[in-house]
Amino acid sequence: KLIAEGELGGARRLADELRAAIRHPDVPRSFSRLAGELVKKVYQLQEDKDALLAFQDEELAALDDALCDAQGGPAPR
């Protein structure tokens with residue numbers, strides 16, 4: 001709703017809060033995926049490429065960690 005109404009400042013604050021919250025292990029995967037798409041949309045609308053790239057790097061790191069956990073080993077760093 002904030003995006004549709006052009007309230008990008010409020011949408012950005014919400015996106016930044018969601019960004020931190022969706023990495024919590026108790027957050028359902030479906031919510032995390034949806035929230036992640038909203039975060040990306042806000043960063044794209046604001047043309048904040050640095051925030052978008054940082055968020056995508058966090059997503060890749062989380063996927064890498066999950067893959068390593070599934071394989072039974074630590075994630076390489």
Side-chain angles (χ1 to χ4, degrees):
K1 184 176 179 178
L2 290 171
I3 294 171
E5 294 176 358
E7 295 290 332
L8 289 180
R12 176 59 185 251
R13 283 188 295 280
L14 179 60
D16 291 341
E17 290 175 20
L18 281 173
R19 182 177 174 175
I22 61 177
R23 297 292 173 241
H24 194 275
D26 293 334
V27 174
R29 187 172 178 208
S30 59
F31 177 79
S32 179
R33 192 174 321 130
L34 177 62
E37 292 304 316
L38 290 172
V39 168
K40 288 184 219 176
K41 179 140 183 108
V42 170
Y43 292 163
Q44 289 169 347
L45 288 171
Q46 288 193 321
E47 299 179 358
D48 190 341
K49 293 176 184 168
D50 292 333
L52 183 59
L53 288 173
F55 181 70
Q56 290 174 328
D57 284 345
E58 290 171 11
E59 287 184 311
L60 288 174
L63 289 172
D64 187 47
D65 289 346
L67 180 61
C68 288
D69 287 346
Q71 291 177 339
R77 295 286 174 198

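Position 1 is the first residue of the sequence; numbering continues from there.
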Next item on the list: Over all heavy atoms of both residues, which pair between V39 and A15 is shortest? Give the atoms and the distance, please.
Entry: CG2-O, 3.5 Å

Margin query: Can you tell me how far apart CG (D57) and CG (D64) are? Round to the nearest 0.5 Å.
Written below: 12.0 Å

Checklist line | Pairwise distance CG(D16) to CZ(F55) - rounded to 0.5 angstrom | finding: 10.5 Å

Note to self: For R12 versus D48, what's the shortest heavy-atom pair and its separation?
What the structure shows: NH1-OD2, 2.9 Å

Next item on the list: List the atom of A54, the atom of R19, and the distance in Å for their closest heavy-atom pair.
Entry: CB-NH2, 3.2 Å

Just distance, no hydrogens or angles: give the donor-acceptor pairs under 3.5 Å from side chains in residues 23-34, sequence neighbours left out.
unit_1 : atom_1 : unit_2 : atom_2 : d
H24    : ND1    : D26    : N      : 3.1
S32    : OG     : I22    : O      : 3.4

